[in-house]
Each structure stands twice: as C-alpha cells, then as structure tokens.
Amino acid sequence: MRLTVLGCAGSFPGPESACSAYLVEAGGFRLMLDFGTGSLSALQRYAGLTAVDGILLSHLHCDHMLDACSYVVVRRYAPDGPYPRLPVYAPRKAHERMSAAYGGDEGPLDDVYEFHTLEPGTLEIGPMTVTVDRVDHPVETYGVRIEHDGRVLAYSADTAPCEAVNRLATGADVFLCEASYLDSEDNPPGLHMTGGDAGAAATKAGARRLLLTHLVPAWGSESDTYDAAASAFSGPIEVVRPGARYDI
Ligand SMILES: [Zn+2]
Ligand SMILES: [Zn+2]
C-alpha cells in the first residue's frame with residue numbers, strides 16, 4: 001500500500017499546501033481519501049489528472065471535499081471523456097451538497113459519481129478493506145482504517161480525542177492523525193486534536209508510526225506540535241508535506 005500526500009493544510013489552504021487530500025494506492029486501485037480545497041492541482045503534480053478510481057470523503061467540510069466538485073469538469077468534459085463514473089463514499093447528503101456546490105442547474109452529478117452513504121462498519125473498496133467509524137467533530141465525520149495485504153493505514157479525519165479514533169488506529173503501521181491545535185492554547189472541545197493529543201492517541205492505539213497532518217500554518221507552530229507529539233509517543237513521527245510518499 002502506498003500513501004501520497006496531496007494536501008495537508010488544516011481548515012484552509014496554506015501558502016505551500018492544498019487542504020486535506022491523500023492518494024492511497026493498493027493492488028492497482030487508487031483511492032482519494034478526502035479531496036479538499038486546492039488538491040486537484042496537487043493531484044496533477046504528484047499523481048496524474050485521472051489517477052483516481054474511487055473517492056472517500058471523511059466529512060463535508062469544504063477543506064475535505066470541495067475539489068471533488070471541481071473534479072466533475074475533468075470527468076465530464078475531458079476531450080477523451082466522459083470518463084466512467086467514480087464511486088464516492090461519503091456521509092449523508094454528500095450528493096445534495098456537492099451538486100449544490102457545483103451548480104444545481106447542471107444536474108445532480110449522477111453521470112460522474114456513484115454515491116454510497118457511509119455508516120459505521122467495514123466495506124470493501126477495490127482490493128482494500130475499509131473500516132469507518134464516527135469521530136468527534138461538529139458534523140458527521142468518519143475516521144478511517146484501510147487494510148491491504150496485512151498492512152494498515154489509519155486516518156483520524158478531523159476529530160477531538162475519542163475512543164473511536166484510538167480503535168481505528170489499533171496496531172496501525174501508519175497513523176495519519178490531525179494535529180490542528182496548539183497544546184499551549186485553551187482550545188474549544190469537540191473539534192480537533194493537538195500534537196500532544198495525536199501522540200497520546202498513537203500510544204494508546206499501539207501505532208507504529210505517526211504522521212501529523214491538518215496543521216494550520218497561519219495559526220500554529222510546527223515545531224511545538226511536533227515536540228508535543230514526541231512527548232506523548234516514542235515511535236517515529238513526521239509532519240507530512242505535499243508530495244510526500246510512504247510505502248506501508
Ligand atoms: Zn479539516
Ligand atoms: Zn472538519
């Protein structure tokens with residue numbers, strides 16, 4: 001299994017990164033895990049315009065889904081298109097939200113996407129076994145565990161610390177975890193994690209490697225977030241960058 005970071009800026013695009021988008025490849029299948037603002041540009045830079053066989057949206061905040069709307073133009077109007085419909089696994093109302101964002105007068109996107117509503121549980125996406133569960137965020141949000149060929153990638157999505165994300169990351173080879181907030185701030189509950197929270201979750205889960213993502217460059221401190229995570233997790237830690245690839 002291979003993970004390519006396309007975008008990792010939290011909440012809004014940063015000066016050097018699009019918002020959340022991760023390409024997960026296994027057994028010849030390419031799953032776009034979130035498709036946030038600006039990541040269609042990064043898809044072309046680091047993977048290829050058509051390098052997507054399916055899309056999973058953890059939740060419907062703009063920084064995790066808006067470029068799935070932009071991608072409609074690619075699939076529908078390419079000179080050698082239209083391309084085959086893509087499966088989209090997403091929370092309830094993704095169909096309506098994405099159609100509205102694209103522009104309701106041009107149809108409901110059913111010619112481009114085949115929508116599947118996420119619910120807690122396990123499903124097969126291509127050759128990957130994917131388990132999702134509700135995490136602690138103000139809108140319906142799913143953390144994700146992807147298994148293939150005995151290897152495990154866990155993704156926190158956006159969440160405050162919670163048992164569901166710890167379960168999803170149990171024994172993960174790679175735990176891609178958000179760390180939006182600074183440990184030194186008085187952060188609101190029920191929204192996001194700090195670096196310290198991410199490290200603690202990785203330790204509880206027994207994850208092998210921690211990748212920190214969804215930092216907010218304008219408001220955060222990468223070094224403070226890293227240090228806080230390292231104080232709570234003794235394994236290898238990295239703050240991800242656009243274009244970074246990890247063989248899992
Ligand atoms: Zn977000
Ligand atoms: Zn969010």
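Both ligands and their constituent atoms are indexed starting at 1 by order of listing.
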Enquirer: Considering all heavy atoms of both residues, which atom of T170 and which atom of R145 are nearest to each other, and what is their separation?
Expert: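 Nearest heavy atoms, T170 then R145: O-NH1, 2.8 Å.
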
Enquirer: Closer than 2.8 Å to the Zn ion (ligand 1): does that hold for any N, O or S atom in H59?
Expert: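 Short answer: no, not a single N, O or S atom is under the cut-off.
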
Enquirer: Whether R30 and E25 form a salt bridge (side-chain N of Lys/Arg under 4.0 Å from carboxylate O of Asp/Glu) is what I want to check.
Expert: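 R30 and E25: not salt-bridged.
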
Enquirer: Does atom CD (E119) have a neighbourhood of more than 12 heavy atoms from anything else shown, all under 6.0 Å?
Expert: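 Open.
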
Enquirer: Angle at the Zn ion (ligand 2), ND1 of H61 to OD2 of D158, rounded to 10 degrees, please.
Expert: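 If I round to 10°, I get 170°.
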
Enquirer: Using a cut-off of 6.0 Å, state whether more than 12 heavy atoms not belonging to E16 lie near its atom CD.
Expert: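 No - once you tally the heavy atoms of other residues, nucleotides and ligands closer than 6.0 Å, there are 12 at most.
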
Enquirer: Within 2.8 Å of the Zn ion (ligand 1), is there any N, O or S atom belonging to H64?
Expert: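 For H64, the answer is yes, given that an N, O or S atom comes within less than 2.8 Å of the Zn ion (ligand 1).
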
Enquirer: Do you know which N/O/S atom name in D63 is closest to the Zn ion (ligand 1)?
Expert: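 For D63, the N/O/S atom sitting closest to the Zn ion (ligand 1) is OD2.
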
Enquirer: Can you tell me if an N/O/S atom from H137 lies under 2.8 Å from the Zn ion (ligand 2)?
Expert: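 Checking the Zn ion (ligand 2) against H137, an N, O or S atom does fall under 2.8 Å.
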
Enquirer: Which pair of non-hydrogen atoms, one from A232 and one from A200, has the smallest distance, and what is that distance?
Expert: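 Result for this residue pair: CB-N, 3.5 Å.
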
